[in-house]
Amino acid sequence: MLNERMVALGTQRSVIRELFEYGKQLSAEIGAENVFDFSIGNPSVPSPPIVNETAVRLIQETDPVVLHGYTSAQGDQQVRELLAASVNRRFGVSVNASDFYVSVGAAAALCCCLNGLCNPGDEVIVFAPYFPEYKVFIEGAGANMTLIPADTKAFQIDFEKFAAAINEKTKAVIVNSPNNPCGVVYSEETVQELSRILTEKSRKFGQPIFLLADEPYREIVFDHTTVPYLPKYYPNTLVCYSWSKSLSLPGERLGYVLVPGSVEDHDLVYAAIAGAGRSLGYVNAPGLFQRVCALCADTTSDISIYETNRNLLYDGLREIGFDVVKPDGTFYIFPKTLEEDDLAFCERAKEYHLLIVPGTGFGCPGHTRISYCVPTRQIERALPAFRALADSYRK
Ligand code: PLP
């Protein structure tokens, strides 16, 4: 008898992957230029040249036995020193190399935290709209996900529902700002209120409630938006970071967990995360790219292209009549669908060769995610198709 849960996870393709595969099939039939695939969040902007230059230099100049050898389970010491220096410089804090656990992307960072923190039956709070893999990660750690419905007006937090959901089983809360799928950044007031409630409830239940800050999109923000640095507001924050989006390196699988010194029982929490990494077999993230990412940690891909795409799509959708909150960052936009049933809406969009993802999978029905990490020309060509789709509802 196999593990039924794993068989199910390995068999069912995600809605996003289904759409992506459908797009490839449709492209073969009608030509890629006639398919408007907005399904997947794969960065469309190349890594900055310094990434490849650094990789080549390291390959040419480093003893291969060292470069391709095992690093410490938690990441190379020099890498973690570079990361601490970068974070301290950028956020005006004083973290140490020993606070970092280098991981295989944000996905593994989150899994290490969840497995390290949670006991069976614990609860982890997530705010809609949310990255659907959270449920898989949380349940994989033996915990249960509690979903707080979205504040669909501004995509901040519905604090009344949040406060009411916290109980003695609440172990952690995951936040993702800038957010996939809506692109919104939590304001400073939101972060302050979130911290206040977490502090009050931790005291009430006599144990820390950890805040997991999932931040793969931290640097992808527009209009000089500031993303509050959460450990400054709430001491029991663990930062889960990734270079998948900021340096356009999703295939290299690099990120980290940062356990700042302010975290209660810091050394025990760090040990639990390292233990989870060990138990999951996630030790020693890829060695070459640990070094490349650490040496390029202050750089990002050219995000101005995403901003151009955001402006074009936001203005275009509004003009057509879509109700949509303006994204502060990421490369996603999350308008309301033109009928309540977002699955039916996205099926209908296919007739116009528009591949967009239903909001239901993100815990937010009545919306659709459009990933604009695509060539700008694709958006220009797709806007008439969005108009035709909207017109089909007005007839
Ligand atoms: N968290 C969010 C919100 C994401 O959108 C993604 C990837 O799309 C991840 C985590 C996982 O990122 P990584 O590629 O670093 O594992």
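Remember, it's 1-based here, ligands and their atoms both numbered in the order they're listed. Below, each value reflects all heavy atoms present in this structure, side chains not excepted, and no hydrogens, waters or symmetry copies.
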**Request:** Measure from atom 16 (O) of ligand 1 to every heavy atom in Glu252, Arg253, Glu215 and give the option owning the shortest one.
**Result:**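 That would be Arg253.
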**Message:** Among Phe137, Tyr134, Tyr217, which one puts a heavy atom closest to atom 5 (O) of ligand 1?
**Reply:**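 Minimum heavy-atom distance to atom 5 (O) of ligand 1 goes to Tyr217.
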Under 3.5 Å between some N or O of ligand 1 and some N or O of [X]?
X: Ala107; answer: yes
X: Ala106; answer: yes
X: Asn180; answer: yes

Using a strict cut-off of less than 4.0 Å between a Lys/Arg side-chain nitrogen and an Asp/Glu carboxylate oxygen, indicate whether [X] and [Y] qualify as a salt bridge.
X: Glu319; Y: Arg387; answer: yes
X: Arg196; Y: Glu200; answer: yes
X: Arg318; Y: Asp315; answer: no

**Request:** Look at ligand 1 and say whether Glu133 reaches it with a heavy atom at a distance under 4.0 Å.
**Result:**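 Glu133: no contact with ligand 1 (<4.0 Å).
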**Asked** Going by heavy atoms, is Gly41 under 4.0 Å from ligand 1?
**Response**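 Gly41: no contact with ligand 1 (<4.0 Å).
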**Request:** For residues Asp328 and Arg310, determine if any side-chain heavy atom of one lies less than 4.5 Å from a side-chain heavy atom of the other.
**Result:**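 No; the side chains remain at least 4.5 Å from each other.
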**Prompt:** Is it the case that more than 12 heavy atoms not belonging to Glu4 sit under 6.0 Å from its CD atom?
**Reply:**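 It does: Glu4 CD has more than 12 such atoms within range.
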**Request:** I would like to know whether Arg348 and Glu351 meet salt bridge (Lys or Arg N to Asp or Glu O under 4.0 Å); could you show each step before the answer?
**Result:** CA-CA 6 Å; Arg348 185 140 152 188; Glu351 291 168 27; 5.5 Å; no
**Ser304 side chain to Asp302 side chain, donor-acceptor N/O pair below 3.5 angstrom** =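 Yes - a donor-acceptor pair under 3.5 Å links their side chains.
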**Request:** State whether a side-chain donor-acceptor pair under 3.5 Å links Thr308 with Thr376.
**Result:**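 Thr376 and Thr308 do not have a side-chain donor-acceptor pair below 3.5 Å.
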Under 4.0 Å from a heavy atom of [X]: which atoms of ligand 1 are those, numbered in the order shown and with their elements?
X: Gly105; result: 15 (O), 16 (O)
X: Ser244; result: 13 (P), 14 (O), 15 (O)
X: Lys245; result: 7 (C), 8 (O)
X: Asn176; result: 3 (C)
X: Pro216; result: 1 (N), 2 (C), 10 (C)

**Prompt:** Can you hop from Phe159 to Val191 via hydrophobic side chains spaced under 4.5 Å?
**Reply:**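 The answer is yes; both residues are in one hydrophobic cluster.
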**Asked** In the protein, which heavy atom is nearest to atom 9 (C) of ligand 1, and how far is it?
**Response**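 Checked against all protein heavy atoms, atom 9 (C) of ligand 1 sits closest to Phe131 CE2, 3.5 Å.
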**Prompt:** What protein heavy atom sits nearest atom 1 (N) of ligand 1, and how far off is it?
**Reply:**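 Answer, as residue, atom name and distance: Asp214 OD2, 2.6 Å.
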